[in-house]
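Per chain, numbering begins at 1; letters A, B, ... match sequence-line order.
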There are 2 protein chains.
Amino acid sequence: MTDVAAAAGVSHQTVSRVLNGSELVRDETRVRVLAAIAELGYRRNNAARLLVTNRSHRIGMISAHLVLHGPSMIAVSVQDAGHKAGYDVSLVAVEDFSAQSLREAVDRLLDEAVEAIVVAVAHRQALEQVSSLEVPVPVIIVQGVSDGQPMAVGIEQEAGARVAVEHLLDLGHRHVAHLTGPLEWVEAAQRRAGWQHAHEDRHVLPGPELAGDWSPQSGYEAGLRIAEDPDVTAVFAANDGMAMGLMYALHEKGRDVPGEISVVGFDNVPEAPYVWPALTTVNQEFSLLGRRAVELTMQALAGEADPSTQLIRPELVVRDSTAAPRPAVRER
Amino acid sequence: MTDVAAAAGVSHQTVSRVLNGSELVRDETRVRVLAAIAELGYRRNNAARLLVTNRSHRIGMISAHLVLHGPSMIAVSVQDAGHKAGYDVSLVAVEDFSAQSLREAVDRLLDEAVEAIVVAVAHRQALEQVSSLEVPVPVIIVQGVSDGQPMAVGIEQEAGARVAVEHLLDLGHRHVAHLTGPLEWVEAAQRRAGWQHAHEDRHVLPGPELAGDWSPQSGYEAGLRIAEDPDVTAVFAANDGMAMGLMYALHEKGRDVPGEISVVGFDNVPEAPYVWPALTTVNQEFSLLGRRAVELTMQALAGEADPSTQLIRPELVVRDSTAAPRPAVRER
DNA sequence: GACGAAATTGTGAACGCTAACATTCTTTGT
DNA sequence: ACAAAGAATGTTAGCGTTCACAATTTCGTC
């Protein structure tokens, strides 16, 4: 900077002012400085800047299970929205949800001088750990959010599950079976709750509940069992991957989808329209989620803490994997 | 740091020494300093550190199309491997491959004081732009790598494509059609080359070539056309998403897979085993790729430039979407 | 044509750390 | 017991910015 100042015949402070867009510098001077900067290929040292300003323009994100569609989309969208807001985003992936590894993740981010931390881990345990941690910067939650949680933005999982189940009930199915995600995931628990409540509202008992782990493999295994049960005419799987595994098993066992059994997924992965039959599922607007998360972060940074939870409502996408039950089934 | 020094009754330099693991400090003193650090909750300021050492312990990564399976896996694996090597990884996603946006991406990373840049963009144009850019740090390429390219680690796309096509030819198909990715992607071009060469080696003409864009949608459209062509008994799709769209179209048109037409994909996405029929595809070891990329980066940083290209050989995973052609087809 | 206010520019210190060198303690050998 | 070598610690000076304030210039006014 001193070199630039010398080349432009001004003081280093004037160079600094030009760089920071101060009004207090004559146009002519500004031009000279800019020219000197260009000529010398000068690039300002952000470490020095951070040292004195204490503002890193960086936010941290803690994430997990980035191989899964949802988490990875969220990570990308937060990163993107952050960049657009002029912030760098540091991502650290955790592999388990112990107090220790969360602590490490937070520490790593704090070492990078992040101004806020976005937590995108839907594990119940993780969220508890995080909220019990002493963190000297704002913490924003973007997954596994329940209503009334402060500093959080999420997708209304329960509403999404409800509309999926209601769609099936509306088609005439007496009840709907549910293949859950791992219930330690808030998302999974909320989708399950939505499934239950949809039945309760209509005063019918829900169909059988099977436990999955998000993987298509677990969907496949569940499918093998469902194929044996003549009473099941509709299944709501907690994500598309499991729905696909499930349909695979049904095919394998010669059960027709949707002729004999209807299937609904959740997530609307890009492949969903192209499995056979095209999967009816629930679409989540991840990019909107990222944008909202960053907006909230900016508010927190500006001190305008808005404690209300922002919730985004997902919507059902009807395709070919759902249909009315066969008349045969309805005879009584 | 001064506070810690005071609390421990030593000079700030001794604290610095403890923090940097210097040998030149008595055990007893070290313990005192550590205690003071713990008590005061002291955390060293990396900006100040970077300012004087000029080492950021950060590497940058330029990526694109993070919604796609491959790029996103690569991003995650590099990030992960980087962390394990003690480096933070800054990711910036580019949306087009103009000189300008690449320049911006590089500048953004340089502003973050990265010590090296990993480029994970398989677009031919992007790679050309990047190599023509003046970048004051080592640049490592991890996608769209061709043999003999310096500072690069990649997956042998052509070999992968070859083994896929040879599998089909071995099953007795006379030739194999190919659904390409966008050919500006080096990957797509290489897979296409592998498909061609496999045919050349056996002195047979390749089947028809159709242009796709990675999306299941484009696979679906290609599938509609292939379904009309009685001469096509086997298709090699350049990625799994297109393969899935393609199979969907074939189903829709009543063509049996693999009975009438065999299909091979590329990538081995998690859903591949659970589409119907389970997709034969080519598996790429992304986590290995990330590790290798970081190894190479570390070498470059240490000045041991190894100009040889590291290539990883992908392997075929045979599932149910491929079979010998029907005898009917082979009658002549 | 000189006065004051506003606009523009400059000066010195500080941010928290490490590098380089200086100093003070311990040993060790005789 | 004393020098010399080596181990452990301390001192000082930056790294490249911005901040707070001081100094200088410019301009409108009478």
Near DNA chain C, under 4.0 Å by heavy atom, which residues of residues 39-51 of chain B?
B:Tyr42, B:Arg44, B:Asn45, B:Ala48, B:Arg49, B:Leu51
Which residues within residues 105-114 of chain A lie with some heavy atom under 4.0 Å of an atom in DNA chain C?
none
Once you round it to whole Å, what is the distance between P of D:dG16 and CG of A:Asp3?
9 Å
Test item: side-chain donor near acceptor, B:Ser22 and B:Asn20, under 3.5 Å
no
Stepwise, does the ring pair (Phe, Tyr, Trp, His ring centres under 6.0 Å) test hold for B:His69 with B:Trp214?
CA-CA 10 Å; B:His69 180 72; B:Trp214 297 140; over 10 Å; no
Strictly below 4.0 Å: does B:Thr14 bring a side-chain N or O up to OP1 or OP2 of D:dG10?
yes
Hey, is the main chain of A:Ala48 close enough, under 3.5 Å, to the side chain of A:Asn45 for a donor-acceptor pair?
yes
Could you work out how much the helix from C:dG1-D:dC30 to C:dT30-D:dA1 bends, comparing the axis of its first five pairs with that of its last five, to 10°?
30°
Separation of atom CD in A:Gln13 from atom P in D:dA22, rounded to whole Å:
15 Å
Ion pair A:Asp27/A:Arg30, N-O distance below 4.0 Å:
yes
Taking 4.0 angstrom as the limit, do B:Glu128 and B:Arg124 come out as a salt bridge?
no
Using atom types as modelled and distance alone, determine if a side-chain donor or acceptor of A:Gln284 lies under 3.5 Å from a backbone N or O of A:Ile312.
no
What pairs of residues pass the side chain to side chain donor-acceptor pair (under 3.5 Å) test when at least one of them lies in residues 53-62 of chain A, not counting sequence neighbours?
A:Arg55-A:Tyr87, A:Arg55-A:Glu115, A:Arg58-A:Ser90, A:Arg58-B:Glu112
Please confirm whether the backbone N or O of B:Gly144 pairs with a side-chain atom of B:Glu187, one donor and one acceptor, at under 3.5 Å?
yes
The residue, B:Ser11 or B:Val52, whose nearest nucleotide of DNA chain D is more 5′ is B:Ser11
Using modelled atom types only, decide if a donor and an acceptor are shared between the side chain of A:Ser131 and the backbone of A:Leu127 within a distance under 3.5 Å.
yes
Rounded to the nearest 0.5 Å, what separates atom CG in A:Leu109 from atom CE in A:Met61?
10.0 Å
Pairwise side chain to side chain donor-acceptor pair (under 3.5 Å) hits with a residue in residues 285-299 of chain B, at least two apart
B:Arg292-B:Gln310
Less than 4.0 angstrom from a charged side-chain N to a carboxylate O is my criterion; do A:Glu156 and A:Arg313 meet it?
yes
If the threshold is 4.0 Å, N to carboxylate O, is there a salt bridge linking B:Arg44 and A:Asp111?
no
Euclidean distance, atom CE of residue B:Met1 to atom P of C:dC17 [Å, nearest integer]:
5 Å
Can you list, in residue-number order, the parts of residues 16-29 of chain B that come under 4.0 Å of DNA chain C, counting heavy atoms only?
B:Ser16, B:Asn20
